[in-house]
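A short worksheet on the structure shown next.
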Amino acid sequence: MSIEVIRPGINTTFQDRGRSNLYHLGIPFSGAMDTRNLLITNKLVGNDKNDAVIEFALQGPKFKVKQNNINCVVTGNVSFTFKKNSKIYNGECYKTFDLNNNDEIDIISTNNSMYGYFSISGGFKIEKKWNSYSTHLRSKVGPNKGNKIVENDILQLNKNVKPIIKKSIDYLNSKIEFIRVIKGTNFDYFSKESQKSFFESQYQVTNLTDRMGMRLDGNKLNNIKSENIKSEGLIKGVIQVPPDGKPIIMLSDHGTIGGYPKIGVIVSADYDKIVQLPPMSKIKFKMIDVKSAEKLFKLYSMETKNILDQI
Amino acid sequence: MIKNISNLGDAAIYCDFGSEVNREINHEVIKYFKTLTSKNIKGVTNLAPSYNKLIITFDLDVINYKELVEKIINLKLDEISETASKRKKIPICIDEEFALDIERVSKNTNLTIKEVYKHILNKDFYCYMTGFVAGMPFLGDTNKNIRLKRLETPRVKVPKGSVGITEQFCNIYSYESPGGWNIIGNTPVKVFDKNKEENPILIKPGDSVQFYEITKNEFYKIKE
């Protein structure tokens, strides 16, 4: 019971909801960048919400299945095809389909987004490390010895005793005009003009974006106090500003300690949206307070629950 | 004591213990870190202690900023016994093959190479924090005479095991990674070992560390 990797795609890894309580050792949360899509993926194939899925960035993997009656799904905004009994079909995201021995699935690319997900009913035969199936490439922690999935890997599957139930849902991660931000702990390090321009001007996502962080281009932010603070902890969503004045957003695989001033933090409700922005995307930030951010998160949680309840 | 508590985004608390870096303040941070770890408060998902800050992340589905701040203010601190902190002896090889920046350090400090190492070998250092990458210890304080800035242009690849100095600190690269510290030697011991499930890091915050010199032969023997 396995699938063979014909082409690995870009940054293809196993991920789940992340790994907690290891910041003090230098290990970040990791986990699926887009949590909502992870939950939808697991629900569609009938797996547990804590099960692992395969995440890929921009270009997806191509697999050959080595088992009959495999029920699988692709989520995100993704183009893919599958070859069943030598005939090629266009795939549809958020709709499960079944494959048999020697059939293939070719995940071509994400469209106008960064991350897509793939999973199979019954899940993958992998082991947890520190209570999580997530892969952290930098510390080589997680399934597949903490490495990316590469060509010719053979991914073992769990035995699936459940009968195949076809499931689908209409869902498209909505685009967002503004990314909501709470003022960071070093907001006052920046000149009044820069504080204003941070929220009024537009920023562009650069090519330097991956699971660790996202570098932005745009108006240079002027630090009037100190370009380095004493190194301290970081969390995902923090926007750091190095001496060149261009913001960097810390994402799920970020280094756990950093010494650049923090101008802001992305609110939890918008995290799934910002990670999906591909290079060249334009964004604007909007300042809100903690109370409003908590309300937004409640809405986000309810919305997620509603989507999952429809499956 | 905590000087100020604020929010870092909507799902983390930022405890500020001051702006200085010294053992007394860091000891307070570690005390809070250890107490919070043992209290196992529902909803707390991660604790990031550093020189003089403690960041606490939480699950917004379980608890919010106001509720958790309340709990932290009312926290009864556990006393940490001094014996909980360990003394670690770490071998380093200072052969020119590993001491990538020693000549520059010697030049910029106006000290001979021998004098530089006098300030590093067999001196007691204190571990303030661990992180950036898994297991990397931030040690201090180095002698005033050997305090230098980071490299102007950081290296793309610093070899695993490299021992570096910058400002009043000293660290060990637990992985090959980019970095700008002045490299003065290399240790063959595993600073981070993911196979040690319960205890993957060699040097913990609060530990004291001494470097002792080994030959190249001994280096490769330990490496095996």
Side-chain angles (χ1 to χ4, degrees), chain A residues 18-29 129-130 136 138-142 145-146 180-185 228-239 254-259 262 264-271 288-298 300-301 304-305, chain B residues 4 6-12 14-16 18-21 29-30 33-34 37 40 44-61 64-66 128-138 149-150 167 169 174-175 177 191-192 194-195 197 199-201 204-205:
Chain A
R19 183 177 281 113
S20 44
N21 292 318
L22 295 173
Y23 261 174
H24 62 288
L25 306 185
I27 299 176
F29 280 106
K129 181 68 185 178
W130 286 308
H136 182 227
R138 202 168 188 191
S139 56
K140 289 199 181 299
V141 166
K145 294 191 174 136
R180 274 83 50 111
V181 164
I182 295 175
K183 262 197 237 174
T185 39
N228 281 297
I229 51 174
K230 288 287 170 214
S231 293
E232 56 180 47
L234 285 173
I235 58 169
K236 69 178 193 180
V238 160
I239 308 167
H254 64 86
T256 59
I257 286 174
K262 302 166 164 77
V265 188
I266 311 284
V267 304
S268 301
D270 289 349
Y271 189 78
I288 65 169
D289 60 13
V290 183
K291 275 257 169 328
S292 321
E294 285 171 353
K295 272 185 205 147
L296 284 173
F297 188 77
K298 274 215 169 86
Y300 164 85
S301 277
T304 308
K305 190 178 174 294
Chain B
N4 188 39
S6 58
N7 65 299
L8 185 62
D10 54 14
Y14 183 88
C15 304
D16 188 354
S19 53
E20 283 157 73
V21 178
V29 175
I30 294 172
F33 164 67
K34 290 196 169 166
T37 304
N40 222 345
V44 169
T45 52
N46 240 322
L47 299 162
S50 53
Y51 296 128
N52 48 28
K53 309 280 183 279
L54 175 65
I55 294 172
I56 304 158
T57 64
F58 53 88
D59 182 348
L60 255 182
D61 276 323
N64 67 27
Y65 174 64
K66 221 178 137 201
Y128 285 105
M129 60 181 177
T130 315
F132 178 56
V133 293
M136 181 189 270
F138 287 74
K149 286 186 173 168
R150 285 179 174 77
E167 294 165 3
F169 307 111
S174 43
Y175 285 88
S177 75
V191 183
F192 178 78
K194 66 177 176 183
N195 297 320
E197 192 78 19
N199 210 359
I201 60 171
K204 294 194 182 67

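Keep in mind the model is a prediction, meaning the values are calculated, not measured. The basis for the numbers below is simple: all heavy atoms, side chains too, and nothing from hydrogens, waters or symmetry mates.
Among B:Val21, B:Ile201, B:Asn64, B:Leu60, the residue with the largest count of heavy-atom pairs under 4.5 Å with chain A is B:Leu60. Between chain B and the residues A:Leu296, A:Val267, A:Val181, the most heavy-atom pairs under 4.5 angstrom are made by A:Val267. Contact count against chain A (heavy-atom pairs under 4.5 Å) is highest for B:Ala134 among B:Ala48, B:Ala134, B:Ser6, B:Pro205. When B:Lys194, B:Glu167, B:Lys204, B:Lys53 are compared by the number of non-hydrogen pairs under 4.5 Å with chain A, B:Lys194 comes out ahead. In terms of non-hydrogen atom pairs under 4.5 Å with chain A, the most contact-rich of B:Val133, B:Thr57, B:Leu8 is B:Leu8. Counting heavy-atom pairs closer than 4.5 Å to chain B, the top residue among A:Ile229, A:Val290, A:Thr185 is A:Thr185.
Side-chain atoms of B:Asp61 do not come within 3.5 Å of backbone N or O of A:Ser301 as any donor-acceptor pair. B:Asn46 places a side-chain N or O within 3.5 Å of a backbone atom of A:Asn21 that can act as its donor or acceptor partner.
Of the atoms belonging to B:Tyr128, not a single heavy atom falls under 4.5 Å from chain A. Contacts of A:Lys298 with chain B are absent, with no heavy-atom separation under 4.5 Å from either backbone or side chain. Using a 4.5 Å cut-off between heavy atoms, A:Leu22 contacts chain B through its backbone alone, with no side-chain atom that close. For A:Ile257, the parts sitting under 4.5 Å from any heavy atom of chain B are the backbone and the side chain alike. Interface residue A:Val238: only side-chain heavy atoms are found under 4.5 Å from chain B.
Contact annotation: the side chain of B:Phe132 never approaches that of A:Ser231 to less than 4.5 Å [non-hydrogen atoms, C-beta and beyond]. Between A:Tyr23 and B:Leu47, every side-chain heavy-atom pair lies at or beyond the 4.5 Å cut-off. Looking at B:Ser177 and A:Arg138, their side chains come closer than 4.5 Å, going by heavy atoms from C-beta outward.
In this structure, CZ in B:Phe58 is found 14.5 Å from OG in A:Ser20, a value given to the nearest 0.5 Å. Rounded to the nearest 0.5 Å, atoms CZ (A:Arg19) and OG1 (B:Thr45) are 14.0 Å apart. Going from atom CG of A:Leu25 over to atom CE of B:Met129 covers 14.0 Å, rounded to the nearest 0.5 Å. In this structure, OG on A:Ser139 lies 12.5 Å from CE on B:Met136, to the nearest 0.5 angstrom.
Looking at every heavy atom in both residues, B:Ser19 comes nearest to A:Lys230 through O-CG, 4.2 Å. Closest heavy-atom contact between A:Ser268 and B:Asp10: OG-OD1, 2.6 Å. In plain terms, the two heavy atoms of B:Ile55 and A:Gly233 that are nearest each other are CD1-O, 3.1 Å.
Of the N and O atoms on the side chains of A:Glu232 and B:Tyr14, at least one donor lies less than 3.5 Å from an acceptor on the other residue.
Between B:Glu197 and A:Lys129 there is a salt bridge, with a side-chain nitrogen of the basic residue lying less than 4.0 Å from a carboxylate oxygen of the acidic one.
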